[in-house]
Amino acid sequence: MEEISPINKSGESLKIRLCLIALFAVITPALHAAGPGKAAIASAHYLATEAGHEVLANGGNAFDAAVAVSSVLAVVEQTSSGIGGGGLWVLHRASDGFEVMIDGREMAPAAADKDMYLNADGSVNRDLAVTGPLAAGIPGEVAGLDHLATHYGRLPLSESLKPAIRIAREGFPVYQKFFGMLKYKEQDIRRWPAATQAFLPDGKIPAMGDVIKLPDLALVLEKIAAEGRDGFYTGGTAQRLVDGVRAAGGIWSMADMAGYTVKEREPVRTSYQGYELVTAPPPSSGGIAIAQMLNILEPYRLAELGKVQRAHLVVEAMRRAFRDRALHLGDSDFYPVPQEMLIDENYAAGLRAGIMYDKATPSDMLPGRENLPEGTDTTHFSIIDAEGNMVAATLTVNTIFGSKFMVPGTGFVLNNEMDDFSAKPGEPNAYGLIGFTANEIQPFKRPLSSMTPTLMLSEEKLAAIGTPGGSRIITMVLLGVLDFMDGNGPESWVSLPRYHHQYLPDTVFAEKDAFTAEEIAELTAMGHTVQVRERPWGNMHGVMWNRKTGEVTAGSDSRSDAGRAIVR
Ligand code: DON
């Protein structure tokens, strides 16, 4: 077993950390005065990446490009995100170093209730929680796009939405991932006539390359282009949505729609090896978990460790962060999330002290367990523009094609984000995640997310990273961040073999090429249960600007056929 000597991170390092944060505050504006001179966009679909560049070429900035990319994905990748869903956009403005997260997360309607998915015998009705209109929260993406255009972009919404409107009307060719997901979810889609008409034209799965046109969606987008958020949350579109949802058994109201607002959130900030990370705060759990895991890991000098030793410590950090996620995290507007404590280095030092260097900690043994009460899809894109403005955005309808439910005459599926709440204490959701009071259902509350759009900044490099993948988002971003810290670029982060631990189940899940048989044997000897999964996971897209070399690079995950990274 290799020798590991964690350097003492508390006391002294708190001062260093405060100095670093002060230093960032002083140098950040100066740092970004001159941009990279070219732009990089990496997203899950080539038409979205191209649309982003089109808007940049027409005088837009990264924030306008984010509107274009988001809205094109909302047309061509409804498996994963759309205007029936929500998203989180983390922004960095080059001119003054200002950073913010735009929270366009879905919201529970007023009539939601903490027991709304329970059967008479107290069990959870999983079908209601994930399929059909009752699974859908009030969508936030349109409000997010309007906010981006109004407050940060240079172009009106009507300009940045042009590519999406054009593609909805003229159509897009069916690609491998879309085709595969249609086959996988065909039966659920068939339950809803409007979704069937949109995605199974002629009543059957279209062939690869067949063109899917969504004229109803083009009309909805045109109304948003003309009227902004009001064109969606009030008036005819809102009425159509509310009527359609209620007719099929849902509980939305016109007041829920009109009352939806975007929230500007202060990002979670943490430092690691001289970089500042700017990442997603509640209602996402991602940023807090990333900060917590990096704090646990930093003193271990991971770069000097062998692969198995490193993976063991990384897994132990994952386990602890996911335990805290289950216990403490939810929408901070509704629940007192102990954020400061969770991202504090002293707290991490306490957690680190419980990690053995050569032995897995069974999840059941972690303190807190005794206090527990009884009992793919989504999308990410990363942008840096010629001036150095950056966007890391993760958008979602939750599981593949969301709730599958489509209101007739709209052309877009509604999310099933209500399943990101804890429907019952300790009961696993679609990603096996459990939660308690912090994440129970309440009217107007936002369900806890794992989405982790993240920026990494130093004097030398600026980067944006993120991915879909449910609970695995957090651990994929962690592995990507650690790879970045090892000196590698986006092409490497997006193609890394992945492993994941989420506290419960007490299992390390690994992609096929993550570990050799010998490495698995070593981890098993340490007490880990390793389960190799046939199917890969994630769809990561990252960009990076190396200020020293002037190089701008981008990477798109090869696990999906449609993604594209373009530097121009
Ligand atoms: O917000 C969340 O955490 C989930 N709705 C994300 C779902 C997801 O990434 C599915 N992707 N494979």
Side-chain angles (χ1 to χ4, degrees), residues 36 38-44 90 92 270-279 286 290-291 293-294 296-298 300-315 317-318 380-384 388 390 392 394 452-469 472-500 510-516 519 536-560 563-567:
K38 50 188 161 187
I41 303 179
S43 87
V90 175
H92 167 85
T270 193
S271 64
Y272 187 82
Q273 293 185 358
Y275 281 87
E276 188 187 28
L277 275 88
V278 178
T279 179
I290 289 285
M293 293 186 292
L294 291 175
I296 293 174
L297 292 171
E298 187 160 24
Y300 286 128
R301 302 176 183 170
L302 292 183
E304 295 164 22
L305 300 181
K307 186 174 164 196
V308 169
Q309 186 64 64
R310 175 175 167 138
H312 164 63
L313 295 170
V314 169
V315 164
M318 290 173 175
H380 175 88
F381 64 84
S382 297
I383 302 180
I384 182 162
M390 288 201 289
T394 314
T452 316
T454 297
L455 305 176
M456 298 179 276
L457 306 101
S458 79
E459 229 168 312
E460 187 181 342
K461 289 179 197 160
L462 302 183
I465 186 173
T467 179
R472 293 172 196 200
I473 291 173
I474 299 173
T475 54
M476 281 186 264
V477 171
L478 176 71
L479 297 179
V481 168
L482 293 176
D483 193 48
F484 167 81
M485 297 296 169
D486 286 343
N488 296 316
E491 301 90 340
S492 170
W493 325 328
V494 302
S495 54
L496 277 183
R498 293 164 180 156
Y499 58 91
H500 169 78
E511 285 188 324
K512 269 192 303 201
D513 43 0
F515 300 114
T516 62
E519 288 162 350
W537 62 79
N539 195 4
M540 181 175 276
H541 304 276
V543 298
M544 183 170 90
W545 171 31
N546 186 327
R547 292 170 53 87
K548 280 214 173 127
T549 62
E551 220 184 346
V552 179
T553 45
S556 257
D557 207 317
S558 59
R559 289 166 180 84
S560 161
R564 198 66 42 98
I566 298 178
V567 180

Engineer: Would the distance check show the side chain of H541 and the main-chain N or O of N539 forming a donor-acceptor pair, the cut-off being under 3.5 Å?
Structural biologist: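 Pair found, side chain donor or acceptor close to backbone of N539.
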Engineer: To the nearest 0.5 Å, what is the distance between CD1 (I290) and CD1 (I474)?
Structural biologist: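 If we round to the nearest 0.5 Å, I290:CD1 and I474:CD1 are 7.0 Å apart.
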Engineer: Any non-hydrogen side-chain atom of V314 less than 4.5 Å from a side-chain atom of L297?
Structural biologist: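 Side-chain contact under 4.5 Å: yes.
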Engineer: List the residues meeting salt bridge (charged side-chain N to carboxylate O under 4.0 Å, His left out) with K512, not counting sequence neighbours, and say none if there are none.
Structural biologist: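 With neighbours one apart ignored, the set is E534.
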Engineer: Please enumerate all residues that pass ring pair (Phe, Tyr, Trp, His ring centres under 6.0 Å) together with F484, with sequence neighbours excluded.
Structural biologist: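 Here the qualifying residues are Y275, W493.
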Engineer: Verify, without hydrogens or angle tests, whether R559 (side chain) and V494 (backbone) share a donor-acceptor contact under 3.5 angstrom.
Structural biologist: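 Yes; judged by distance alone, with no hydrogens or angles, the pair exists.
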Engineer: Measure the CH2-OG1 distance between W545 and T553 for me, rounded to the nearest 0.5 Å.
Structural biologist: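 If I round to the nearest 0.5 Å, the distance is 12.5 Å.
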Engineer: Checking T467 now: which residues fulfil side chain to side chain donor-acceptor pair (under 3.5 Å) with it, not counting sequence neighbours?
Structural biologist: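 Side chain to side chain donor-acceptor pair (under 3.5 Å) check on T467 returns nothing, list empty.
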Engineer: Might you point out which heavy atoms bring S382 and G542 nearest each other, and give the distance in Å?
Structural biologist: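 The answer is OG-CA, 3.7 Å.
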Engineer: Drop me the distance from L457's CG to L462's CG, to the nearest 0.5 angstrom.
Structural biologist: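 Spacing of CG (L457) from CG (L462) equals 5.0 Å.
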Engineer: Once rounded to the nearest 0.5 Å, what's the spacing between atom OG of S458 and atom CZ of R547?
Structural biologist: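 Rounded to the nearest 0.5 Å, the OG-CZ separation comes to 8.5 Å.
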Engineer: Mind checking side chain to side chain donor-acceptor pair (under 3.5 Å) for T452 and listing every partner two or more places apart, or none if nothing turns up?
Structural biologist: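 T452 satisfies side chain to side chain donor-acceptor pair (under 3.5 Å) with no other residue.
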Engineer: Once side chain to side chain contact (heavy atoms under 4.5 Å, CB included) is applied, do any residues pair with S558, and if so which ones, sequence neighbours excluded?
Structural biologist: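 Not a single residue meets the side chain to side chain contact (heavy atoms under 4.5 Å, CB included) criterion with S558.
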Engineer: Compare all side-chain heavy atoms of I41 with those of I566 and state whether any distance is below 4.5 angstrom.
Structural biologist: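 In short, these two side chains do not touch, never coming nearer than 4.5 Å.
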Engineer: What residues, two or more places apart in sequence or in another chain, satisfy side chain to side chain contact (heavy atoms under 4.5 Å, CB included) together with R472?
Structural biologist: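 Residues passing side chain to side chain contact (heavy atoms under 4.5 Å, CB included) with R472: T475, M476, H500, F509, R533, W537.
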Engineer: Going by the rule side chain to side chain donor-acceptor pair (under 3.5 Å), which residues pair with S560 if we only count those two or more places apart in sequence or in a different chain?
Structural biologist: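 None.
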Engineer: Mind checking what makes side chain to side chain contact (heavy atoms under 4.5 Å, CB included) contact with A510, not counting sequence neighbours?
Structural biologist: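 Partners of A510 under the side chain to side chain contact (heavy atoms under 4.5 Å, CB included) test: Y499, A514, F515, V530.
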Engineer: Going by salt bridge (charged side-chain N to carboxylate O under 4.0 Å, His left out), name the residues that satisfy it together with R310, two or more places apart in sequence or in a different chain.
Structural biologist: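 Listed in chain order: D486.
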Engineer: Which heavy atom of N546 sits nearest a heavy atom of K461, and at what distance?
Structural biologist: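 Nearest pair, atom of N546 first, then K461: ND2-CE, 3.8 Å.
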Engineer: Could you pull out the closest heavy-atom pair between V552 and A40, with the gap in Å?
Structural biologist: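 The pair with the smallest heavy-atom distance is CG1-CB, 3.6 Å.
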Engineer: Ignoring hydrogens, what is the shortest heavy-atom contact between S492 and D483? Give both atom names and the distance.
Structural biologist: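 Closest approach of S492 to D483, heavy atoms only: OG-OD2, 2.6 Å.
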Engineer: So, using salt bridge (charged side-chain N to carboxylate O under 4.0 Å, His left out) as the criterion, who are the partners of E491 when residues are at least two apart?
Structural biologist: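 Listed in chain order: nothing, the list is empty.
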Engineer: Between I473 and P468, which heavy-atom pair has the shortest distance, and what is it?
Structural biologist: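 Heavy-atom minimum between the residues: CG1-C, 3.4 Å.
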Engineer: Checking the side chain of Q273 only, and the main-chain atoms of E298 only, is there a donor and an acceptor separated by less than 3.5 Å?
Structural biologist: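 Answer holds: no.
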Engineer: What's the separation between atom NE2 in H92 and atom CG in L455, rounded to the nearest 0.5 Å?
Structural biologist: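 Between H92 NE2 and L455 CG, I get 8.0 Å after rounding to 0.5 Å.
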Engineer: Could you tell me which residues satisfy side chain to side chain contact (heavy atoms under 4.5 Å, CB included) with A565, sequence neighbours excluded, listed by chain and number?
Structural biologist: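 A565: side chain to side chain contact (heavy atoms under 4.5 Å, CB included) contacts with A42, A554, S556.
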Engineer: Do M318 and M293 have side-chain heavy atoms sitting under 4.5 Å apart?
Structural biologist: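 SC-SC contact between M318 and M293 confirmed.
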Engineer: Within the distance-only criterion (no hydrogens, no angle test), does the side chain of Q309 pair as donor or acceptor with the backbone N or O of G306 below 3.5 angstrom?
Structural biologist: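 Side chain of Q309 to backbone of G306, a donor-acceptor pair under 3.5 Å: no, none is there.
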Engineer: For P536, does its backbone N or O pair with a side-chain atom of R498 as donor and acceptor, under 3.5 Å?
Structural biologist: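 Flag not set: sc R498 to bb P536 has no pair under 3.5 Å.
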Engineer: Find the distance between CG (L294) and CE (M485) and round it off to the nearest 0.5 Å.
Structural biologist: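 Those atoms lie 6.5 Å apart.
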Engineer: List for me each residue that meets side chain to side chain donor-acceptor pair (under 3.5 Å) alongside D513, sequence neighbours excluded, and say none if there are none.
Structural biologist: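 With neighbours one apart ignored, the set is empty.
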